[in-house]
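Just so you know, these numbers use all the heavy atoms, side chains as well, and skip hydrogens, waters and symmetry mates. Both counts, for ligands and for their atoms, begin at 1 and track the order of listing.
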Amino acid sequence: MAKKAKSFPIYVLNGPTLNLLGTREPEVYGRTTLSEIGKRVKERARTHGLDVVFRQSNHEGDLVDWIQEARVQGCAIILNGAAYTHTSIAIHDALRAVQSPIIEVHLSNPHAREPFRHHSFVSTVATGVIVGLKDMGYLLAVDAVANLLKDNNK
Ligand code: CA2
């Protein structure tokens, strides 16, 4: 395990409208609420000896600020940028400055949806991308971070 991970949390950051998870479009995004995902993510991280900061915002600038915070205070970022994934050069630029692992997660598979969801400003700067597995994707992202941090320490 990389030294940094012992005292530095994984930042799990969620973009616009994900606060409504579990209330609408369950066939696309699943039935699990964001707060339940946060709980499961923290439990999974704990099994790897990792802590989690779990946040959601509807505002692009908040996500940029949190990415910058994670850059100095975190060991990795798991990001579901929601709609900003497809539009935000600001988030792309903030992620470019991050040296630790970045895992992009989407509950649905954007590539199987409307063409405007096919391009991601996050994927080009992400270490890895997990799509289409609903809430399970977040847990797999935690496992991926744990493995990447171990590998970094070889
Ligand atoms: O599949 C994902 O995780 C997305 O990031 C979700 C975004 C969408 O813009 C991306 O293309 C893919 C939308 C999040 C909206 O969340 C809702 C939650 C409940 C009800 C309606 C929308």
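- Looking only at protein heavy atoms, the nearest one to atom 9 (O) of ligand 1 is Arg117 NH1, 2.9 Å.
- Residue Leu20 has at least one heavy-atom neighbour below 4.0 Å for each of these atoms of ligand 1: 18 (C), 19 (C).
- When each atom of ligand 1 is checked for a heavy atom of His86 under 4.0 Å away, the hits are 10 (C), 11 (O).
- Between His119 and His86 the shortest heavy-atom distance is O-ND1, 2.9 Å.
- Atom 16 (O) of ligand 1 has its closest protein heavy atom at Thr17 O, 3.5 Å.
- Minimum heavy-atom separation, Ala83 to Pro16: N-CG, 4.3 Å.
- Taken together through direct or relayed side-chain contacts under 4.5 Å among Ile, Leu, Val, Met, Phe, Trp and Tyr, Ile102 and Val145 form parts of separate hydrophobic clusters.
- Around CZ of Arg96, the count of heavy atoms belonging to other residues, nucleotides or ligands within 6.0 Å does not exceed 12.
- The protein heavy-atom contact nearest to atom 22 (C) of ligand 1 is Tyr29 CE1, 3.6 Å.
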Working for side-chain contact (heavy atoms from CB on, under 4.5 Å), residues Thr32 and Leu21: CA-CA 7 Å; Thr32 315; Leu21 274 184; over 6 Å; no

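- Around the CZ atom of Arg31, the shell of radius 6.0 Å holds no more than 12 heavy atoms that belong to other residues, nucleotides or ligands.
- Of the protein's non-hydrogen atoms, His106 ND1, 3.7 Å is the one closest to atom 4 (C) of ligand 1.
- In this structure, atom 2 (C) of ligand 1 lies nearest to the protein heavy atom Leu107 N, 3.4 Å.
- Geometrically, ligand 1 and Asn80 share a nitrogen or oxygen pair separated by less than 3.5 Å.
- Protein heavy atom closest to atom 21 (C) of ligand 1, with residue, atom name and distance, is Glu25 OE2, 3.6 Å.
- The shortest non-hydrogen separation linking Lys42 to Val52 is CG-CB, 3.9 Å.
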Ser100/Phe8 under side-chain contact (heavy atoms from CB on, under 4.5 Å): CA gap, chis, key distance, verdict: CA-CA 11 Å; Ser100 46; Phe8 289 65; over 6 Å; no

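- Residue Ala83 approaches ligand 1 through these ligand atoms, each under 4.0 Å from one of its heavy atoms: 9 (O).
- The heavy atom nearest to atom 7 (C) of ligand 1, out of those in Gly22, Ser108, Ala82, Pro110, is found in Ala82.
- For the ligand labelled ligand 1, residue Thr85 lies outside the 4.0 Å heavy-atom shell.
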